[in-house]
Amino acid sequence: MGDLHPVRVMGVINLSRESFYQESYAGEDALLERALSFAEEGSEVLDLGAVSTAPGSPPIPEEEERNRLFPALEAVLDRLGGEVVVSVDTQRAKVASDALSMGADCINDVSGLRDPDMARTVADHDGSLIIMASRDRPGDILEVGEIVANLGERLVAAKEAGVSMEKVTVDPGIGRWTPPKGPGHDLAILDGLSRLRVLNRPVMAALSRKSFIGAVLGRPIPAERLPGSLAATAIAVYNGAHLVRTHDVAASMDAIRMAEAVRGRPSIARAGGIEVEVFASWGRPQDLHQAFGRLGVEEGGAKALGGKGSFRALSIRGVTSMEAIVIKQEMLARGGDAAIPMGALRCDPGEMEVLVLGTAAQVRGLGKNLKSQPFNLPAVAGAIEGALERVDDPKRYW
């Protein structure tokens, strides 16, 4: 999963009678029919969960979770194992271990690794892991900034436990998981979903039929929230979601694909082993030029201010330590900056990543000056120019 791949769809196989959305419950008779239907409709991941975490739900003992989960998991694996990714929604490391041993591919942990053995368990089975932002209780973090920080800490813990970062997805925890959390918090998280991009991991949006949709639209009954769910799903995908967890696979597909098309592919260019990506772009010099002209700014000043009023953030991957240092010096000389690894200052061998931060004018100047520099810096210049051109290229969308 990720920016270079299609948005994936996760179908919810709900084994919990206590779920906030009663119509989604899949008993023994409906289980396989639901799983097969989701797979046929385009779901590439099935998420089996036996414990409801909705506010007010009673605690479920581990034995009861096992009794609900494992017969269903066995049935799904026997019928669809190898055809779809099978995920298990659990907060217990022992349950996760047995599920992975049976053949499950992924653990979806809404507690944010509260069980100290969870990450190591997933690592021991070389499984995939979805980590939801949580502190003391599932989904109890209210602000986007705190969510990003919490997930950053959990990613470090998972990595230290041996989990492959390529197999980790993050979930901001949209939903009224705890009483202090209201619709405003969820709307802010959805609006700020792109902020999770700094974590460099795929993002899951799990917002299907949740209470904030009902609050905004005046739909207290989850069964009446499908149109709102589809609208929220489209916004989540546009804002960067790579995986959508939903009760309504078929209905969600068009909304997902349309939002994905509008989002477009990343602005990436490659040259001579170098890869440059524009991961943040605010403002366009030509648009600001018009605004300054309307204010009565003279022509030359309007053009100059347009470049100064537009911000760009670039990731430059595949450079050496010396090249990283030159890039930083060039940006500092222009009034911008670049984040380089500590290893660059030690002249460590190997390829590195540099994050360039500055105005459009500063970044353009960087590219222009690197053309005459030694090492592989002319290739860096070419990739910078190519990535900047792709920001507004219609081919990036269709």
**Asked** Can you name the residues that form a ring-ring contact (aromatic ring centres under 6.0 Å, His included) with Y21, not counting sequence neighbours?
**Response** H247
**Request:** Could you pull out all residues at least two apart from H289 that satisfy ring-ring contact (aromatic ring centres under 6.0 Å, His included)?
**Result:** none
**Message:** Using every non-hydrogen atom in the two residues, find where V84 and S43 come nearest and quote the distance to one decimal.
**Reply:** CG1-O, 3.8 Å
**Asked** Is the shortest heavy-atom distance from the side chain of T233 to the side chain of T246 under 4.5 Å?
**Response** no
**Asked** Less than 4.5 Å apart, any side-chain heavy atom of L48 and any of V76?
**Response** yes
**Request:** List, by chain and number, the other hydrophobic cluster members for M1, where Ile, Leu, Val, Met, Phe, Trp and Tyr join if side-chain heavy atoms come within less than 4.5 Å, directly or indirectly.
**Result:** M10, V45, V85, I130, M204, L243
**Request:** Starting from I60, walk the hydrophobic network (Ile, Leu, Val, Met, Phe, Trp, Tyr; side-chain heavy atoms closer than 4.5 Å) and list everyone else you reach, by chain and number.
**Result:** V51
Less than 3.5 Å apart, which donor and acceptor atoms pair up between the side chains of residues 182-194 and the rest of the protein, not counting sequence neighbours?
residue, atom, partner, partner atom, Å
H185, ND1, G182, N, 3.0
D186, OD1, G175, N, 2.8
D186, OD2, G175, N, 3.4

**Item:** Check ion pair R66-E63 (N to O, under 4.0 angstrom)
**Value:** no
Among residues at least two apart in sequence or on other chains, which ones pass salt bridge (Lys or Arg N to Asp or Glu O under 4.0 Å) with [X]?
| X | answer |
| --- | --- |
| D126 | K167 |
| D171 | none |
| D248 | R209 |
| R219 | none |

**Residues forming a side-chain contact (heavy atoms from CB on, under 4.5 Å) with P227, sequence neighbours excluded** = none
**Request:** Under the side-chain contact (heavy atoms from CB on, under 4.5 Å) rule, collect the residues that match up with M352, sequence neighbours excluded.
**Result:** V319, S321, P341, A344, D348
**Asked** Taking D47 for the side chain and V12 for the main chain, is one N or O donor matched with an acceptor at less than 3.5 Å?
**Response** no
**Message:** Which residues pass the side-chain hydrogen bond (donor to acceptor under 3.5 Å, both in side chains) test with R114, not counting sequence neighbours?
**Reply:** Q91
